[in-house]
Enquirer: 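Dropping a structure here in structure tokens format, bear with me for questions.
Protein chains get the first letters and strands the later ones, always in sequence-line order, with residue 1 at the start of each. It should be emphasised that the depicted structure is a prediction, and the values quoted were computed from it without experimental measurement.
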Number of protein chains: 2
Amino acid sequence: MLSKKTKYGIKALVHLAKKEDRVPVQISSISKAENISQKFLESILLTLKKNGILGSKKGKGGGYYLLKDPKEIPMTSIMRLLEGPIAMVPCVSLNFYEKCDDCPDENACAVHNIMIKVRDNTLEIFRNTSLADLSHP
Amino acid sequence: MLSKKTKYGIKALVHLAKKEDRVPVQISSISKAENISQKFLESILLTLKKNGILGSKKGKGGGYYLLKDPKEIPMTSIMRLLEGPIAMVPCVSLNFYEKCDDCPDENACAVHNIMIKVRDNTLEIFRNTSLADLSHP
DNA sequence: CCATTAACCTATAGACTTAGTAGGGTAAAT
DNA sequence: ATTTACCCTACTAAGTCTATAGGTTAATGG
């Protein structure tokens, strides 16, 4: 299940991508338009900023804006940043790998093998979908 | 992320599917072979029994056994039973649908639309994978 | 018929995560 | 100087996950 954090984060990014110019948008503005708790959204936008997706400007007329072209922001980055691993099991995760305690041999594990398939499939979708694709469906 | 409940459940089912005959296998036996806490496994097998996947026999020589041919048990059933929805968001779930509080129009929602893609892809894999496929890789 | 075996059932608890809330501090425009 | 809005820390209520404990019921063997 996708966390609300990720869901809200994506919605906010799409909101920003839909603006043609790069004029800063205020948190309160996004929060109202997308029905997201302002304080919660604040923390989400902050992590997006710290990870190089968003820029911000303080003071009057300030707000958040995209640092890159929406075409250059793939879903994989957004998901890994907000949600964490894309794989359903840590032992098949590319970026967040962890060995299973109970599994003596990964290659012989039925769960492992099918979850690799699922991961590859999901990854393919996320790799081929950018923020730009999300913004004009 | 896949819960341990689901993971253990799949492992136990594969374990049973690998036995050629339908002789009952005891919880303790599966628990040892698969490195699963016995009591936890007990509750998992019980829900599999209540939902028509497994049969059981009490007393000496008792245990759990598959009720159907492994070919006839698709991953979709196992996943929905143990893990719940296959979709990443309730608003794109076929069997566990729920409307989002924050979303005025599902069809206009970017998250909704990409998650439908992911769901369809994952579903295709799970539909075309049976317990038999898991058991001889 | 009685002892043994193993499934069945209920309750509970510790650890962890989620989805926020509260409340202020800091920097930059005007 | 004052407004505006970003930035940060801490906390918490609720829920889920992963079990554990302990007793009950039913089948089998002698």
Enquirer: Measure the distance from CG on A:D101 to C1' on D:dA19 and round it to the nearest whole Å.
Expert: 14 Å
Enquirer: State, yes or no, whether a side-chain contact exists between B:L94 and B:L123 at a heavy-atom distance under 4.5 Å.
Expert: yes
Enquirer: Atom CD of A:Q38 and atom P of D:dT4: how far apart are they, to the nearest Å?
Expert: 14 Å
Enquirer: Could you tell me, to 10°, how much the axis swings from one end of the helix from C:dC1-D:dG30 to C:dT30-D:dA1 to the other, five pairs per end?
Expert: 10°
Enquirer: Under 4.0 Å between a side-chain N or O of A:S56 and OP1 or OP2 of D:dA5?
Expert: no
Enquirer: Which pairs, protein N/O on one side and nucleotides 9-13 of chain D N/O on the other, fall under 3.5 Å?
Expert:
none

Enquirer: Counting only side-chain heavy atoms from C-beta out, which of C:dT21, C:dC8, D:dT20 sits nearest to A:K39?
Expert: C:dT21
Enquirer: Output the rest of the hydrophobic cluster of B:L67: all Ile, Leu, Val, Met, Phe, Trp and Tyr residues reachable through side-chain heavy-atom contacts under 4.5 Å, sorted by chain and number.
Expert: B:Y65
Enquirer: Check the distance between C:dA7's P and B:L48's CG and give it to me in whole angstrom.
Expert: 14 Å
Enquirer: Can you list everything that forms a side-chain contact (heavy atoms from CB on, under 4.5 Å) with B:N121? Sequence neighbours excluded, please.
Expert: A:N121, A:I125
Enquirer: Return a table of donor-acceptor pairs under 3.5 angstrom between the side chains of residues 5-13 of chain B and protein atoms on other chains or two or more places apart.
Expert:
{"from": "B:T6", "atom 1": "OG1", "to": "B:S3", "atom 2": "OG", "distance (Å)": "3.1"}
{"from": "B:T6", "atom 1": "OG1", "to": "B:E83", "atom 2": "OE1", "distance (Å)": "2.3"}
{"from": "B:K7", "atom 1": "NZ", "to": "A:D102", "atom 2": "OD1", "distance (Å)": "2.9"}
{"from": "B:K11", "atom 1": "NZ", "to": "A:D102", "atom 2": "OD2", "distance (Å)": "2.7"}

Enquirer: Starting from P on D:dC7, measure out to CD1 on A:I44 and report it in whole angstrom.
Expert: 15 Å
Enquirer: Taking only N and O in the side chain of A:S28, is any of them less than 4.0 Å away from OP1 or OP2 of D:dA5?
Expert: no
Enquirer: Out of C:dC9, D:dC6, C:dA6, which has the shortest distance to the side chain of B:Q26?
Expert: C:dA6
Enquirer: I'd like to know if A:E42 reaches the base of D:dC6 with its side chain, counting only an N/O donor and acceptor under 3.5 Å.
Expert: no
Enquirer: Give me each pair satisfying side chain to side chain donor-acceptor pair (under 3.5 Å) with a member in residues 84-95 of chain B, each pair once, sequence neighbours excluded.
Expert: none
Enquirer: Tell me: CD1 of B:I36 to P of D:dT18, nearest whole Å?
Expert: 12 Å
Enquirer: Minimum heavy-atom separation for A:G63 to A:P24, with atom names?
Expert: N-CB, 3.5 Å
Enquirer: Once you round it to whole Å, what is the distance between P of D:dT16 and CE of B:M1?
Expert: 19 Å
Enquirer: Rounded to whole angstroms, how far apart are OH on A:Y64 and P on C:dA28?
Expert: 14 Å
Enquirer: When hydrophobic residues are tied together by side-chain contacts of less than 4.5 Å, even through go-betweens, does B:Y64 share a cluster with B:L81?
Expert: yes
Enquirer: Dump every N/O contact between nucleotides 15-19 of chain C and the protein below 3.5 Å, one line per pair.
Expert:
{"from": "C:dA19", "atom 1": "OP1", "to": "A:K4", "atom 2": "N", "distance (Å)": "3.4"}
{"from": "C:dA19", "atom 1": "OP2", "to": "A:K4", "atom 2": "N", "distance (Å)": "3.2"}

Enquirer: According to ring-ring contact (aromatic ring centres under 6.0 Å, His included), does anything in residues 71-129 of chain A pair up with another residue at least two apart or in another chain? List the pairs.
Expert: none
Enquirer: Do the side chains of A:M1 and A:V89 join up, straight or via other hydrophobic residues, at under 4.5 Å, putting them in one cluster?
Expert: no
Enquirer: Show the atom names and distances, to 0.1 Å, of all donor-acceptor pairs under 3.5 Å that link a side chain in residues 37-57 of chain B to residues at least two apart or in another chain.
Expert:
{"from": "B:S37", "atom 1": "OG", "to": "B:F40", "atom 2": "N", "distance (Å)": "3.4"}
{"from": "B:S43", "atom 1": "OG", "to": "B:F40", "atom 2": "O", "distance (Å)": "2.8"}
{"from": "B:T47", "atom 1": "OG1", "to": "B:I44", "atom 2": "O", "distance (Å)": "3.0"}
{"from": "B:K49", "atom 1": "NZ", "to": "B:S56", "atom 2": "OG", "distance (Å)": "3.3"}
{"from": "B:N51", "atom 1": "ND2", "to": "B:T47", "atom 2": "O", "distance (Å)": "2.7"}

Enquirer: Search all heavy atoms of B:V25 against all heavy atoms of B:I30 and return the closest pair with its distance.
Expert: CG1-CG1, 3.7 Å
Enquirer: Distance check needed: D:dT25 C1' versus B:K49 NZ, whole Å only.
Expert: 11 Å
Enquirer: Quick check on the hydrophobic clustering: are B:V23 and B:V14 connected, directly or via other members, by side-chain heavy-atom contacts under 4.5 Å?
Expert: no
Enquirer: Within less than 4.0 Å of OP1 or OP2 of C:dC9, is there a side-chain N or O belonging to B:S43?
Expert: no
Enquirer: Tabulated below should be each protein N or O lying under 3.5 Å from an N or O of nucleotides 26-30 of chain D; please produce it.
Expert:
{"from": "D:dA26", "atom 1": "O4'", "to": "B:K58", "atom 2": "NZ", "distance (Å)": "3.2"}
{"from": "D:dT28", "atom 1": "OP1", "to": "B:K57", "atom 2": "NZ", "distance (Å)": "3.3"}

Enquirer: Please name all residues satisfying side-chain contact (heavy atoms from CB on, under 4.5 Å) with B:K32, sequence neighbours left out, ordered by chain then number.
Expert: none
Enquirer: Touch check for A:L45, heavy atoms < 4.0 angstrom, all strands: base, sugar-phosphate only, or nothing?
Expert: nothing
Enquirer: Looking only at non-hydrogen atoms, find the nearest pair between B:H15 and B:A33 and report the distance.
Expert: CE1-CB, 3.5 Å
Enquirer: Could you tell me which residues satisfy side chain to side chain donor-acceptor pair (under 3.5 Å) with A:E124, sequence neighbours excluded, listed by chain and number?
Expert: none
